[in-house]
Amino acid sequence: MSSLQALCSGLPLRPLPENRGRQAGVPHAPVRTPGLSLAEKQLALRNALRYFPADVQELLAPEFAQELQLYGHIYMYRFCPDIEMRAYPVEQYPCQTKAAAAIMHMIMNNLDPAVAQFPQELVTYGGNGQVFSNWAQFWLTMFYLSKMTEEQTLVMYSGHPLGLFPSSRSAPRLVITNGMVIPNYSSRMEYEKLFALGVTMYGQMTAGSYCYIGPQGIVHGTVLTVLNAARRYLGIEDLAGKVFVTSGLGGMSGAQAKAAVIVGCIGVIAEVDKAALEKRHKQGWLMEVTDSLDRCIQRLRVLQLGLQQAPGWAGLPAALGLCVLSYLVDLAPLGEGRCPAPSGFSRPLPGAPVLLLCPSREARKRKEVLSLGYHGNVVALWERLVHELDTTGECLVDLGSDQTSCHNPFNGGYYPVQLSFTEAQSLMASNPAVFKDLVQESLRRQVSAINRLAKEKFFFWDYGNAFLLEAQRAGADVEKKGAGRTEFRYPSYVQHIMGDIFSQGFGPFRWVCTSGDPQDLAVTDELATSVLEEAIANGVKASVKLQYMDNIHWIREAARHRLVVGSQARILYSDQKGRVAIAVAINQAIACRRIKAPVVLSRDHHDVSGTDSPFRETSNIYDGSAFCADMAVQNFVGDACRGATWVALHNGGGVGWGEVINGGFGLVLDGTPEAEQRARLMLSWDVSNGVARRCWSGNQKAYEIICQTMQENSSLVVTLPHEVEDERVLQQALQL
């Protein structure tokens, strides 16, 4: 077993570590099919061997070649460290700077098996969100961080540590770029080859920027999305008894089960990978699991299992709102209390057939809170819901979405309904073209089922995972007549639900307590709650107050719902004022030792300013600039100039390779006045940049927020747009 000291000592070469290969019992990434020529395979092997001196290349070359042949990439499994991979307390890392130790803490959290989707392949989430491209890069990065001083910056090229370069104390300690491919060559096909060659990497968002905090990172956003969807589509605040159907329990999507419980609805989440489903169940994020569609439907309809239809009830008046279920079941194995008899009935003898008359959708009428994991394909679940609607006239679902990794649909991000999980993995590797055809057929079937349900009082939205984009490419019926390029039959959650929040400067702010002590996290929760309560007491706009109240409820519920997986972290959708005030409060608490160790501030790249993505984050920008990436690039540079400890800029993330430019940051609070000043400057820019851009695009809420911010800070001067008040001016000018 390695130690942290050994982990920071450079590549282990003499002796070489034992080649243990791929570890059994942990999930592994799907086999990649880059389609390399012989010359390209030689180049991939040459590129991998350049990390090692000549005297070990002859030994390593055959095993690296075998990895390339078997898995489509050289991960260097031999060098996967024999250590418990987790976020250790920051003082345990052998470093010369607090910043370097904090970065190590974050890197190891991203690779923690409790957090990472495919830990041995260095994938944190999203099916292909890499932390590094291979294990040699991990070892070298940890070595450089252990040696780094306050006057050096570590430069990372798509997972590769280029080296330590002289800089200044005010410069970032770490600068990361991932997937910066020349635009004309930024296609999926080219990516697969470039990744196999080891020269670029898909960092997703917070995987490659070392800022992932487990599925909690999206729980708050999912909670807000479902709450606001209910407000917008159903006209309600209380989701008790409402049913939310979706898919995905892997990395980010694993948050959906917990979010359903927090908002108080019935969540049914499909997942094809049994390991992912069991992982969430063991973590307590899923209340129940089943591989039976019958069980899913019964669970939605009634709290009791199987019942036998008795003769003479066929003519029961529908007006009574009663249903007769016709299943024979032995109730004894359920255990005492698991299947209580309804009011007016006695508990039957084991095995006795029962006629139970119960209100349709009794689970809903009892307003039960439930997260039910269905081990199976979501397409089968949607089609079964259609069958129930067509045969009973009853729509069993109110809200729906999808969180399969459709940004990567043909390499494990989406599994076709026609195949089992293992069959799909095999075909994916052996015949990619046929697999692609089946995926696209499955997408068409899924959309067809959703379209049928949407004719009822059911509402569906795209969760920014490229589901509707890939469905469109597959020929599914998702067209919205008269719409622009970024609009479909169903809205993106940014367009209809979260876009207004971004325009007001609210987004997924987060922090990590590097002590690893839950008590430190509890202190930060108290501080954040106090900051928000004080802001409300001082007076805020009604729309802002609503968000603050949601946030206070979120923090108070967070500990009870056991949201921490991995590092001691918290996420909170906050605006510019809230972020700065919380950062200052935390920094002061570190200074007076109320918090025992530095705290890392960060955010999801999916934020107000961090991402240019025409089918997600910027899908509600209608001035034609949704396909431009100036905002994300400027944000990356601006954060670096204003005091970020590290910055990252990525191609891809969320919607997929070539579809997105996004960036993130890490900022270490250590209790010093300098840290407070950096936080004030950097966090203000990090929000105002995006609000100003959204204002210029014509968003009225962003206009109001940026004007208010300019009034509060005379150093901020933003160009404001003038509306065309008379549309006839345009028509006359164009002689229409």
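Residues Tyr93 and Leu7 are not in side-chain contact: their nearest non-hydrogen atoms beyond the backbone lie 4.5 Å or more apart.
The aromatic rings of Trp382 and Phe460 lie perpendicular to each other, with more than 60° between the two planes, well past the 30° mark.
Between the side chain of Ser602 and the backbone N or O of Phe665, at least one donor-acceptor pair lies under 3.5 Å. Although no hydrogens or angles enter the test, the distance criterion places no donor-acceptor pair under 3.5 Å between the side chain of His375 and the main chain of Ala270. Within the 3.5 Å criterion, the main-chain N or O of Met682 finds no donor-acceptor partner in the side chain of Asp686. At distances below 3.5 Å, at least one donor-acceptor pair connects side-chain atoms of Gln256 with backbone N or O atoms of Ser247. Under a 3.5 Å cut-off, the side chain of Asn109 and the backbone N or O of Tyr212 do form a donor-acceptor pair. Put simply, the side chain of Asn465 gets close to the backbone of Thr404: a donor and an acceptor are under 3.5 Å apart. Checking side-chain atoms of Gln130 against main-chain N and O of Glu121 turns up a donor-acceptor pair under 3.5 Å. Of the possible donor and acceptor atoms, one in the side chain of Arg280 sits under 3.5 Å from a partner among the backbone N and O of Leu249. Looking at Arg694, its side chain does come within 3.5 Å of a backbone N or O of Val608 through a donor-acceptor pair. Asn662 places no side-chain N or O within donor-acceptor distance of the main-chain N or O of Asn651, the cut-off being under 3.5 Å.
A cation-pi arrangement is present between Arg86 and Tyr88, with the terminal nitrogen or guanidinium carbon under 6.0 Å from the aromatic centre and inside a 45° cone about the axis.
With respect to Glu278 and Lys282, no salt bridge is recorded, no charged nitrogen being found less than 4.0 Å from a carboxylate O. Under the 4.0 Å criterion applied to side-chain N and carboxylate O atoms, Arg594 and Glu526 are assigned as salt-bridge partners. A salt bridge is defined here as a Lys NZ or Arg NE, NH1 or NH2 lying under 4.0 Å from an Asp or Glu carboxylate O, and Asp575 with Lys701 fails to meet this definition.
With respect to Phe509, the side-chain contact (heavy atoms from CB on, under 4.5 Å) criterion is satisfied by exactly one of Asp604, Ile582, Asn551: Ile582.
Within 6.0 Å of atom CD in Glu534, 12 or fewer heavy atoms from other residues, nucleotides or ligands are found, so the atom counts as exposed in its surroundings. By the 6.0 Å contact criterion, NZ on Lys596 is enclosed, its count of non-hydrogen atoms from other residues, nucleotides or ligands being greater than 12. Under a cut-off of 6.0 angstrom, the local environment of CZ in Arg232 is crowded, with over 12 non-hydrogen atoms contributed by other residues, nucleotides or ligands.
At a cut-off of 3.5 Å, with distance as the only test, no side-chain donor of Gln568 or Ser515 sits close to an acceptor on the other residue. Of the N and O atoms on the side chains of Gln204 and His407, at least one donor lies less than 3.5 Å from an acceptor on the other residue.
In this structure, His650 has its ring center no closer than 6.0 Å to that of Phe636.
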